[in-house]
Protein chains: 2
Amino acid sequence: MTDTRSTPPAGGDAPAATPDRRSPVTLSDVARASGVSLATASRAVNGSARKVRPDLHARVLAAAAQLGYTANGPAQAMARGRTSVLGLVVQDIADPYFSTMAAGVVRGAEQRGLVVTIGTTGRDPAKEAQHVAALRGQRASAVVVVGSRTDDAAVQARLAEEVAAFEASGGRAVLVSQESLPVDTLVVENEQGAEALARALTERGHERFAVLAGPPGLLTARDRLAGFRAGAAAGGGRVVDDLVLHGDFTRDGGHAAMHRLLDAGFDRGCVLAVNDVMAVGAMAALRERGVDLPGAVAVAGFDDISTLRDVTPALTTVRLPLQEIGERAVELLLDEEGGGPRTVRVRGEVVLRASTPDLRRG
Amino acid sequence: MTDTRSTPPAGGDAPAATPDRRSPVTLSDVARASGVSLATASRAVNGSARKVRPDLHARVLAAAAQLGYTANGPAQAMARGRTSVLGLVVQDIADPYFSTMAAGVVRGAEQRGLVVTIGTTGRDPAKEAQHVAALRGQRASAVVVVGSRTDDAAVQARLAEEVAAFEASGGRAVLVSQESLPVDTLVVENEQGAEALARALTERGHERFAVLAGPPGLLTARDRLAGFRAGAAAGGGRVVDDLVLHGDFTRDGGHAAMHRLLDAGFDRGCVLAVNDVMAVGAMAALRERGVDLPGAVAVAGFDDISTLRDVTPALTTVRLPLQEIGERAVELLLDEEGGGPRTVRVRGEVVLRASTPDLRRG
DNA sequence: CCGTGGTTGGATAGCGCTTTCCTCACGATA
DNA sequence: TATCGTGAGGAAAGCGCTATCCAACCACGG
C-alpha cells in the first residue's frame, strides 16, 4: 500500500486497449513498459525541443498506444504553468449573434489545439470581469470577451483591471467591439455601417425614420443609432426623436417596442431595429396589427443573421461577418504582439432586400 | 536564483490588490502572510471537511483578499485528481438547435460551479469519440454528447468505448438522443413527435406528403421520417416514396432538396422538412419558384427554433424544449446514480401554425 | 491531579508531468 | 592517440495544491 500505487500488468502482453478501471496509466507506466526514463517518455510522447532517437521514439509511442495512455491535462498544465484553454465570454450563447461568433472562435481554436470554455453573462456586464478573473485562476492562455459595451464606468474599469491582470499573468486577451480599453480589440464599425444603411435607405426614397433602439446603456445600440441618424440626415431624411424607442436587444424587445410605436400612432415610414432579432420581432408585431409591410412600414435590421434571412419580406440589414470575426479574434490572440494594443476594424456591408422597397422606382 | 522564486513583499504592508507582474501569489504566500501553515490556509480558503478556528479563518481570508490570491485551477485539479469541467460535444454551435441546448447546459453548469468546454464535430460523428477521449485526458468530471446518431456501427462502438473509458475513469456521461448505448441518456422522442404531427396534419385535411429527409445515415432524421410515415398512414394520408428526398440537415440542404422536389413535378401537397432550419430553406425555395405557400404547398418543420417562429407563413412544427433538455442533461449528470443507465424521455409538442392551413374548414 | 477523548494546526507526502542539469558515448580534429 | 564538441538519455527538482498523519492542546471525569 505504500509503494507505487496500482502496478500495471507486469506480464508479457498487457491487455491491449482495454480501458481498465480508473485508467491510471501514467507516463511512468509508459516509460517503464518501454524501458526508458520518464524524461525520454515525456519527450517522445508529448513533444519537446529535444530529439529522441527514432527507435526509442517508436518504442515509446507503441507502448503508449498499447497501454492506452492519455496525458493528464491538469498535470501538464501544472508543469508547464499554463493550460491550452481559450476562454470565451459572451452574453447569451443561444443568441445567434453570439453563437455564430462562437462558432468562428471554436473553429479557430480547434485548429490550433486549444480548448474553448464558454462563460455567459446573461447580459449583465459586471459578470464579464468575473469570468475573466475565473479564467485567470484556471490559467487559461487566452480570453475573448465579446463585450456588451456599457456606459457604466465602474463596470468598465473593473473589466479593464481584470483583463490587465489576466495579461500580466501571461495570458492573451482580445475584446470584441470595445475600443476604450488598452487591449487588443476587434472593433465592429457599427456607426459606419448604420450610416451607410441610412444613406442607402434615403437613396431608395425613405425619409422618415423610427428606431427601435435597444437598451439605453448599450453602446453598440447607441452607436448604431448615432450612425443611422447621421446617415439619414446626410441623405436628406431624418430620424424623428419621438419615434426612437428603447427596448431589450431581443426578439421580444423588438416586438414590444414596435407595438408601442404603433400605439403612438406611427403608421407610415421606415423602422430601423438595431439588430435583426429585434427586427423580426417588429415584423411580427406589424403583422399582428395588420400593417402593410413593407408598403406602409418598411423595416431594416442589423447583423444579417443567417437563419433570419428567409423571413418575409426579406430583411434589409447590415451584414456583419460574424463567424469571421470569431476567427480573426483567435488569430489576433495568437499573433505575436508588436507594440501596444492593436485594433482591428471590421466593417459591415449594407444588404438591401424587400423589407425596404425602392420608393423611387415603385 | 536557486531559492524560492520571487519572494513576496516582505515588509509590513504589501501593495494591496495591485495585480503585480505574473501574479505568482500562491497559497504559500497567503499562508506566510497570515502566519499559518499551508494546510490551514488551504482549509480556510478552499474549504474542507476540517474546521478552522474562526479568527484564523478570517485572518487567512483577509490575507488572501489583500494579496489578490486566486487558486491555481490546474494545481487543484491535479491534487484532487479531477477538474470541475463539463465537456459539451455538439455538431455545430452556430446551429440554433445546438446553441439553444448549449445555453441550457451552460446555465445548469454555471449554477453548479462547473466550467463548460465546448467541442464541435462539424457533423462528423467520428469526432465525438475523439472529443470524449480528449475530455478524459483533461480529467473532465462530466461530458454531454448531443449525439448525431449515425447508423455506422463502428463509429457507435468507438463512441461507446470512449464513453465507457470516460466513466471508468470516474467521470459522468450523458448522451442526448442516443438510446442504443449503455449510458445515461436523454432521449428525444422524435418518432412519437413526428407521428403526432402527421396525425394533426391529416386531421387538417392534408393527405399527400413529401418529406425533405436529411442525410440518409442520420437516425434522428430517420426516426422523424418513420414516425411521420406511421402517423400519416394512421390518419388516412400517405407519404409518397418518390417524394422522400435526402439532403443536408441545414437551411441550404432544405433549400436544395425543395428545388429538386419541385423539379420532380411536385406542386401540390404538404412537405415535412425534418427540421425547422431545412423548412425555412424549403420555404425560400418555394417563394423563389413562385409557388403558392401555403395554398398549393404546405410546409411543416420540427424543433420549433425560436428565432424561426416569425417566418411567414408561421411554421407548423413540433416544439422541443431545447434549453430545458440541456438543463436536464446537467441534472442527470450530477444526480447520484441508482443502478444501471437511466433513460429520460422528452416529448415534443405539435404546434400548428399558418404554414399548414386547415383544409377542412377552408 | 492525572488519564482520555475530541479538536484543530502543522508537517509532509504525493498528484503526473516538464525541464533543467548531469553524464556518457561517439565522432571529429590536431 | 589525446582532446574537445555535440547529441541524447537519465536523475531529480519542482509546479501549487490537497489530504493524511502527528502532535498539541483543550475540557472533562475519576
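Here is how names work: the chains are called A, B, and so on, in the same order as the sequence lines, proteins then strands, and each is numbered from 1.
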How about [X] and [Y]: do any of their side-chain heavy atoms sit closer than 4.5 Å?
| X | Y | result |
| --- | --- | --- |
| B:Val176 | B:Met101 | yes |
| B:Val174 | B:Val183 | no |
| B:Val146 | B:Leu88 | yes |
| A:Asp184 | A:Leu175 | no |
| B:Thr121 | B:Val90 | no |

[X] has an atom [atom1]; how far is it from atom [atom2] of [N], in whole Å?
| X | N | atom1 | atom2 | answer |
| --- | --- | --- | --- | --- |
| A:Arg80 | C:dG16 | CZ | P | 16 Å |
| A:Gln76 | D:dG14 | CD | P | 21 Å |
| B:Arg32 | C:dG10 | CZ | P | 14 Å |
| B:Met78 | D:dC17 | CE | P | 13 Å |
| A:Leu38 | C:dG16 | CG | C1' | 8 Å |
| A:Arg139 | C:dC17 | CZ | C1' | 17 Å |
| B:Asn72 | C:dC17 | CG | P | 17 Å |
| B:Gln138 | C:dC15 | CD | P | 20 Å |

Inset, instruction - Nearest-nucleotide wise, let me know which of B:Ala79 and B:Thr40 is further upstream toward the 5' end of DNA chain C. - result: B:Thr40

Inset, instruction - Return the 5'-most residue of the pair B:Gly35, A:Gly47 with respect to DNA chain C, ranking by each residue's nearest nucleotide. - result: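 Per heavy-atom nearest nucleotide, the more 5' residue is B:Gly35.
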
Inset, instruction - Give one of base, sugar-phosphate or nothing for B:Ala77, where a contact means two heavy atoms less than 4.0 Å apart. - result: nothing

Legend entry - Sorted by number, the residues of residues 52-60 of chain B with heavy-atom contact under 4.0 Å to DNA chain C: B:Val52, B:Arg53, B:Leu56

Legend entry - Any B:Thr26 side-chain N or O less than 4.0 Å from OP1/OP2 of D:dG16: no

Inset, instruction - Considering just the side-chain nitrogens and oxygens of A:Asn46, establish if one lies under 4.0 Å of OP1 or OP2 belonging to C:dT18. - result: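 Answer yes for this pair, as a side-chain N or O of A:Asn46 is under 4.0 Å from OP1 or OP2.
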
Legend entry - Salt-bridge present (B:Arg32, B:Asp29; N to O < 4.0 Å):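 Yes, this pair counts.
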
Inset, instruction - Step through the shown structure and confirm whether more than 12 heavy atoms of other residues, nucleotides or ligands are within 6.0 Å of CZ on B:Arg43. - result: yes

Legend entry - Enclosure of A:Arg59 CZ (heavy-atom neighbours >12, cutoff 6.0 Å):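 Yes, enclosed.
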
Inset, instruction - Have a look at A:Val143 and tell me which of A:Thr117, A:Leu135, A:Val85 forms a side chain to side chain contact (heavy atoms under 4.5 Å, CB included) with it. - result: A:Leu135

Inset, instruction - Output the single nucleotide from D:dG16, C:dG16, C:dG9 whose closest atom is nearest the side chain of B:Ala75. - result: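 Of the options given, the side chain of B:Ala75 lies nearest D:dG16.
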
Inset, instruction - Please determine, for the side chain of A:Ser42, which listed nucleotide (D:dC17, C:dG10, C:dT19) has the closest atom? - result: C:dT19

Atom pairs under 3.5 Å, N or O on each side, protein against nucleotides 21-26 of chain C: can you list them with distances?
from   : atom 1 : to      : atom 2 : distance (Å)
C:dC21 : N4     : A:Arg50 : NH1    : 3.3

Legend entry - A:Glu110 and B:Thr120 side chains, donor-acceptor separation under 3.5 Å: yes

